[in-house]
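Worksheet for the structure shown next.
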2 protein chains.
Amino acid sequence: MVSSSGPDSARRVTIHDVARSAGVSRQTVSRALNGKDEIERSTKQRVLDAARELGYRPSRFARGLVRQDTTTIGLVIPDLRNPFFTEVAASALECARARGWHVVVYDTADRPAEELGTLQVIGSQVDGVVGYFSCAEDELDRYTRGMPLVLIGREHRMARFSSIRIDGQEGVREAVAHLVAKGHTMIGMLDHDNRAEPSLRREWFTAAALGHGIDPGRVAGAEQSADGGGAGLRALLAAHPEITAVFTFNDIVAVGALREARRLGRSVPADLAVIGFDGLQLGALMEPPLSSVALDTHRLGSLAVEQVGRLLTGADPLPPEDLEVRAVLRPAGSS
Amino acid sequence: MVSSSGPDSARRVTIHDVARSAGVSRQTVSRALNGKDEIERSTKQRVLDAARELGYRPSRFARGLVRQDTTTIGLVIPDLRNPFFTEVAASALECARARGWHVVVYDTADRPAEELGTLQVIGSQVDGVVGYFSCAEDELDRYTRGMPLVLIGREHRMARFSSIRIDGQEGVREAVAHLVAKGHTMIGMLDHDNRAEPSLRREWFTAAALGHGIDPGRVAGAEQSADGGGAGLRALLAAHPEITAVFTFNDIVAVGALREARRLGRSVPADLAVIGFDGLQLGALMEPPLSSVALDTHRLGSLAVEQVGRLLTGADPLPPEDLEVRAVLRPAGSS
DNA sequence: CCCCGTCCCGTGAACGTTCACGGGAACGTT
DNA sequence: AACGTTCCCGTGAACGTTCACGGGACGGGG
């Protein structure tokens with residue numbers, strides 16, 4: 001049952017093959033498959049049968065080429081398993097779906113080196129990119145070649161880019177004020193342990209602490225994981241045993257601290273108050289539930305998608321002052 | 001500064017425009033952009049400048065049409081925020097990336113009605129689909145029109161499909177044996193509350209319990225969330241106060257039960273042992289860490305991607321008996 | 001008998017890119 | 001001077017689909 005002439009190469013089944021098999025023209029096949037009018041019932045059925053018989057599937061490229069109605073955006077994140085990025089990704093997906101867009105997701109596995117390769121390969125697959133990058137702007141620029149790019153949680157210098165700013169200054173101030181109101185004066189912080197630059201969150205903490213006449217120097221670094229948070233808390237308490245409250249770089253670390261506190265026999269919040277950052281759903285699963293300087297991750301993803309959409313269609317992009325997510329204190333049982 | 005003739009339509013900038021602007025031919029532009037040889041340095045630079053000037057970006061459709069070397073798969077899940085699917089998705093992404101594939105992710109927001117629409121729209125965008133669906137097979141078939149489809153955690157009847165089976169029988173047996181060895185005889189279960197069919201996990205539990213002469217009737221339904229787990233535990237303990245250990249439908253519910261146990265003042269595992277199902281990373285964050293009948297989610301995603309790849313290339317697909325993930329007991333502090 | 005409308009269906013063109021091939025210029029070799 | 005090589009660059013074709021248009025068959029009204 002050799003079909004056609006030539007070697008039985010693994011050639012793709014095209015619309016022509018279906019047309020020939022059904023004894024009609026391409027256009028009729030197209031009509032049958034796309035449910036258009038101007039086709040007789042019996043013909044339509046015959047074409048559909050032929051298509052199924054041959055295992056025909058239209059080429060998305062050919063189709064996309066002629067009717068340019070599908071937009072696809074790329075979403076680049078360092079680690080989908082990190083709950084923060086999970087939430088951002090889920091929100092971005094939700095917003096994209098509402099617009100009928102497709103989202104190609106790339107997980108760079110926490111390796112900044114992968115980012116550029118990803119961007120390279122992404123370039124020919126998507127119309128715009130939303131993502132969390134850690135590499136330099138000029139590199140981003142080079143590998144992105146005039147494609148709209150929206151950065152998450154990071155400032156941008158080049159005019160080409162947009163970025164969603166995370167402003168936690170006020171939220172952290174609230175957190176410290178909250179702790180002070182509860183009678184705490186010895187407040188520590190678990191910062192991230194990347195010593196490249198002092199983290200913004202640390203700066204916010206320092207400012208807030210000073211505002212209450214509190215020594216902002218009780219800080220320890222912690223690896224960005226629950227285990228890291230536990231180890232960090234041990235180190236912090238060893239260096240500053242007087243501490244009665246701790247603010248952490250994010251919720252993951254806070255959860256680790258919570259767990260470690262219990263292991264150390266310090267009850268929360270009586271012996272040790274804990275406040276995290278990000279406001280992940282994860283925090284609500286803890287007992288006591290985690291207090292957190294909460295980010296509206298849904299708004300974060302939403303803004304990013306909205307902006308990349310404007311950049312795409314040429315509509316006036318949102319001004320930087322609107323591209324901002326404000327963190328607010330969400331007090332719970334742990335403080 | 002009106003360019004070209006005609007209305008200044010929002011026409012796409014094509015390779016021709018760049019070629020004209022740089023005073024060369026299409027092919028030379030293509031060479032410059034793709035970093036090929038056979039082009040002079042100065043010419044290349046001139047083309048690159050022109051491209052940047054015009055904001056040119058190659059059409060992925062035209063490119064994909066001619067060099068058919070990119071494969072894209074669709075990943076359909078009910079809820080990315082559900083940690084189980086997060087882990088599966090992350091694994092699938094990882095495996096796809098290793099093969100250089102792109103992954104379009106669709107979150108159906110727990111609405112089965114969305115599944116078909118998604119499949120419909122997906123059809124012209126991806127080469128194959130991996131996903132967790134809850135709609136009927138014939139519907140899946142209709143909307144998928146000869147596209148490879150791999151089902152996760154669900155049996156299939158039609159030969160067209162593949163599915164990754166989850167076998168927890170042995171793991172649940174281990175769990176019950178473990179509890180019995182610890183002296184428990186009154187073991188309850190928090191099942192899911194969807195009353196359509198009795199869950200497989202419940203059947204496994206029943207069989208395992210009977211194997212040890214234990215009454216398998218101490219069961220309560222729980223909504224699939226932490227809060228649901230908490231409420232379920234309360235209901236279960238109210239109906240069967242004698243219970244000293246509980247097995248749950250999944251880890252999410254278990255986490256809720258863990259939290260509720262603490263609120264009720266029952267210490268874990270001394271007063272109440274808890275064993276979940278899935279083996280999510282989430283469980284390790286609890287204190288005590290959650291025991292669980294653990295699934296290798298990485299293998300799950302990996303198998304699915306592998307299989308859809310084989311279906312895609314026409315290689316011999318994996319036989320059903322290899323498409324199986326076995327759950328094993330991973331004991332921890334909560335039991 | 002002619003005309004017009006409706007219902008189907010087919011043909012050329014276009015979408016934007018890369019591949020295969022050919023060809024001119026410059027340079028060196030015989 | 002004729003010829004081969006190397007280096008650049010351009011032209012036709014192809015990828016597989018949909019859009020715009022045209023046209024035949026058939027039926028009904030004048």
Side-chain angles (χ1 to χ4, degrees), chain A residues 4 6 9-48 50-51 54-72 123-127 145-146, chain B residues 4 6 9-48 50-51 54-72 123-127 145-146:
Chain A
S4 76
S9 59
R11 220 186 83 263
R12 184 188 183 95
V13 178
T14 83
I15 201 174
H16 282 100
D17 302 321
V18 179
R20 183 151 20 90
S21 166
V24 295
S25 73
R26 316 178 297 242
Q27 183 60 13
T28 302
V29 176
S30 177
R31 277 193 269 256
L33 265 59
N34 296 346
K36 303 261 182 148
D37 283 356
E38 308 200 354
I39 184 173
E40 204 184 358
R41 273 194 102 69
S42 66
T43 311
K44 179 169 179 175
Q45 195 48 244
R46 189 154 38 95
V47 170
L48 257 36
L54 298 178
Y56 168 72
R57 282 192 328 110
S59 153
R60 68 172 179 285
F61 294 116
R63 176 172 287 179
L65 185 57
V66 56
R67 27 187 270 213
Q68 4 215 47
D69 53 354
T70 64
T71 65
T72 303
S124 52
Q125 285 288 330
V126 304
D127 301 308
R145 280 278 127 93
Chain B
S4 77
S9 59
R11 223 188 81 263
R12 186 189 181 92
V13 178
T14 82
I15 202 173
H16 282 100
D17 302 320
V18 179
R20 184 154 17 92
S21 166
V24 295
S25 74
R26 318 180 296 249
Q27 182 61 13
T28 303
V29 176
S30 177
R31 277 192 269 256
L33 264 59
N34 296 347
K36 301 260 180 148
D37 283 357
E38 307 199 356
I39 185 172
E40 204 184 357
R41 274 194 103 70
S42 66
T43 310
K44 179 170 179 176
Q45 195 48 244
R46 189 154 38 94
V47 171
L48 257 37
L54 297 179
Y56 167 73
R57 281 192 330 108
S59 152
R60 67 171 177 285
F61 294 115
R63 177 173 285 180
L65 185 56
V66 57
R67 27 185 269 211
Q68 3 215 47
D69 53 354
T70 64
T71 65
T72 303
S124 53
Q125 284 288 329
V126 303
D127 300 308
R145 279 278 125 93

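In what follows, every chain begins at residue 1, and chains take the letters A, B, ... in the order their sequences are listed. Source: prediction; values computed, not measured.
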Query raised in the report: Within the distance-only criterion (no hydrogens, no angle test), does the side chain of B/R31 pair as donor or acceptor with the backbone N or O of B/K36 below 3.5 angstrom?
Result: no
Nearest to the side chain of [X], heavy atoms from C-beta on, is which of [options]?
X     : options                : result
A/V66 : D/dC15, D/dT17, C/dC9  : D/dT17
A/L65 : D/dT18, C/dC15, C/dT17 : C/dC15
A/V24 : C/dG10, D/dT11, C/dC9  : C/dG10
B/I15 : D/dG16, D/dC9, C/dT18  : C/dT18

Counting only side-chain nitrogens and oxygens, does [X] get under 4.0 Å of the OP1 or OP2 atom of [N]?
X     : N      : answer
A/S59 : D/dG16 : no
A/K36 : D/dT18 : no
B/S30 : C/dT18 : yes

Check if the side chain of [X] and the base of [N] share a donor-acceptor pair of N or O atoms closer than 3.5 Å.
X     : N      : result
B/R60 : C/dG16 : no
B/R57 : C/dG16 : no
A/Q27 : D/dC19 : yes

Take atom [atom1] of [X] and atom [atom2] of [N], then tell me their distance rounded to the nearest Å.
X     : N      : atom1 : atom2 : value
B/R31 : C/dC19 : CZ    : P     : 11 Å
B/E38 : C/dG23 : CD    : P     : 16 Å
B/E40 : D/dT6  : CD    : P     : 18 Å
B/R67 : D/dG16 : CZ    : P     : 16 Å
B/R12 : C/dT17 : CZ    : P     : 6 Å

Query raised in the report: Using a cut-off of 4.0 Å on non-hydrogen atoms, how would the nucleic acid contact of B/K44 be classed: base, sugar-phosphate, or nothing?
Result: nothing
Requested in this report: Quick one: label B/N34 by what it contacts on the DNA or RNA (base, sugar-phosphate, nothing), any heavy atom closer than 4.0 Å.
Outcome: sugar-phosphate
Report task. Before giving the answer on salt bridge (charged side-chain N to carboxylate O under 4.0 Å, His left out), spell out for B/R12 and B/D17 the whole-Å C-alpha distance, their side-chain angles and the decisive distance to 0.1 Å. Result -> CA-CA 9 Å; B/R12 186 189 181 92; B/D17 302 320; over 6 Å; no
